[in-house]
Number of protein chains: 2
Amino acid sequence: MKYTEKLRNSGLRPTKQRLQICEVLFETEKTFHFTINELSLKIKKQIDNKISLATIYNTVHAFEKKGYLKQIPINSNETYFDTNVSDHHHFYDLKKEKLIDLENADVGPIDIKRKIDGKKIKSVEILVKLED
Amino acid sequence: MKYTEKLRNSGLRPTKQRLQICEVLFETEKTFHFTINELSLKIKKQIDNKISLATIYNTVHAFEKKGYLKQIPINSNETYFDTNVSDHHHFYDLKKEKLIDLENADVGPIDIKRKIDGKKIKSVEILVKLED
DNA sequence: ACACTTTTTTAGAATCATTATAAACTACTT
DNA sequence: AAGTAGTTTATAATGATTCTAAAAAAGTGT
Ligand SMILES: [Mn+2]
Ligand SMILES: [Mn+2]
Ligand SMILES: [Zn+2]
Ligand SMILES: [Zn+2]
């Protein structure tokens, strides 16, 4: 299995559940955005055995900590995650409540002129809200 | 009272509670960021009578809808609001869990090149996460 | 294979920010 | 003053997320 090594290298045991979640998350043509609830439904559809919700939460958070997933800063009553972990920005369709990736070429260079003493910039994320 | 008219013009009755919340929110030198919980504590300190938590939630949401407050897109277990309703961006100090305003001069012009058919840009917000 | 340790999974309970309910109260209109 | 529509409030409900602790699985050494 191609994810076994990836998990081992991260200090995560390649369990059946984690490998299955890897398939659902990463064995896709395109990257995608999801909430835990949506991922849970996707898992139910794609695999036979049951994976507990607690394990899905645990795994998503473990993957996020390891950098295999990104949390998207947005106000919703559910937390959004992204399988696209490259630096990129988002449209947020307020009507559909859907995120859309902005490619790097879609956004001009961002110039943050201010500095805060003793602090480093970890990330710079743009959220563009869309209405009709 | 200076807020009575403002409320009336928005179709909101100028109740005692709303006027008091206006004072706590807007009768300040500087704008500020807050969670409902923080606002609730601030209200307790600044006024004598009690305002129920439900009213604080109702009022904050009413004011947001009217454009007197802005919700800041950030992932926290509590929702952040901003009394600064001008277009501006934020630093987020991950350690302190505090927001810092970026003035417009602090950020170069932002160029969103991509368009989505039938959708208009409602807002463009940058969140710069800071680590040590 | 076996014994032993550590990590992981799991069902269910707990947490807690937020929203809903519905009765009492207040502001506004006539 | 009476009527009504809007507001406040205590309290309950909701629901995403986290916690718990016991069972299962994975890794390690022999
Ligand atoms: Mn959802
Ligand atoms: Mn808060
Ligand atoms: Zn994305
Ligand atoms: Zn601000």
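Here is the naming used below: chain letters follow the sequence lines, and residue numbers restart at 1 for every chain.
- Proximity of A/His61 to the phosphate of D/dT17: no side-chain N or O atom is located under 4.0 Å from OP1 or OP2.
- Under the 4.5 Å side-chain criterion, counting only non-hydrogen atoms from C-beta, B/Phe63 is in contact with B/Phe26.
- Annotation: side chain of B/Glu125 is in contact with side chain of B/Pro73 (closest heavy-atom distance under 4.5 Å).
- As a whole-Å value, the separation of B/Ile56 CD1 from C/dT19 P is 14 Å.
- The nearest whole Å value for the distance from the CG atom in B/Leu41 to the P atom in C/dA17 is 11 Å.
- The cationic atom of B/Lys98 (NZ for Lys, CZ for Arg) does not lie both less than 6.0 Å from the six-membered ring centre of B/Tyr80 and within 45° of the ring axis.
- Whole-Å rounding puts the A/Asn37 CG to D/dT18 C1' distance at 17 Å.
- Contacts with DNA chain C (heavy atom under 4.0 Å) in residues 6-15 of chain B: B/Arg8, B/Arg13, B/Pro14, listed by number.
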Summarise how protein sits on nucleotides 9-15 of chain D as a single string, 5' to 3': B when a protein heavy atom is under 4.0 Å from the base, S for sugar-phosphate-only contact, - for no contact. BB-----
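- In this entry the distance linking CD of A/Glu64 with P of D/dT18 reads 10 Å, nearest Å.
- With respect to the salt-bridge test (charged N to carboxylate O, under 4.0 angstrom), the residues A/Asp93 and B/Lys119 qualify.
- Here C/dC28 presents its P atom at 12 Å from CD of B/Glu5, a figure rounded to the nearest Å.
- Here B/Asp48 pairs with nothing under the salt bridge (charged side-chain N to carboxylate O under 4.0 Å, His left out) rule; sequence neighbours left out.
- With A/Phe91 as the aromatic partner, A/Lys129 does not meet the cation-pi criteria of under 6.0 angstrom to the ring centre and within 45 degrees of the ring axis.
- Listed pair A/Thr79 / D/dT17 meets the phosphate criterion, a side-chain N or O lying under 4.0 Å from OP1 or OP2.
- You'll find the side chain of B/His90 reaches within 4.5 Å of the side chain of B/His33, heavy atoms only.
- For B/Asp106, the salt bridge (charged side-chain N to carboxylate O under 4.0 Å, His left out) partners are A/Arg114, not counting sequence neighbours.
- Taking atom CD on B/Glu38 and atom P on C/dC16, their separation rounds to 16 Å, with Å as the unit.
- When the side-chain nitrogen and oxygen atoms of B/Arg18 are compared with OP1 and OP2 of D/dT8, one or more of them lie within a distance under 4.0 Å.
- Among residues at least two apart or in separate chains, there is no salt bridge (Lys or Arg N to Asp or Glu O under 4.0 Å) pair with a member in residues 54-72 of chain B.
- Side-chain contact between A/Lys122 and B/Leu130 is absent, with no heavy-atom pair separated by less than 4.5 Å.
- Checking the phosphate oxygens (OP1, OP2) of C/dT18, a side-chain nitrogen or oxygen of B/Tyr57 falls inside 4.0 Å.
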Assess whether side chain to side chain donor-acceptor pair (under 3.5 Å) is satisfied between B/Asp101 and B/Asn84, documenting all intermediate values. CA-CA 9 Å; B/Asp101 273 356; B/Asn84 179 352; 3.0 Å; yes
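- Defining each end axis of the helix from C/dA1-D/dT30 to C/dT30-D/dA1 as the rotation carrying four pairs' C1' atoms onto the next four, with five pairs an end, the two axes are found to diverge by 30° to 10 degrees.
- A/His89 and A/Val124 get closest at one heavy-atom pair: CE1-O, 3.2 Å.
- The nearest whole Å value for the distance from the CG atom in B/Leu19 to the C1' atom in D/dG6 is 15 Å.
- Between B/Phe81 atom CZ and C/dT18 atom P the separation is 7 Å, expressed in whole Å.
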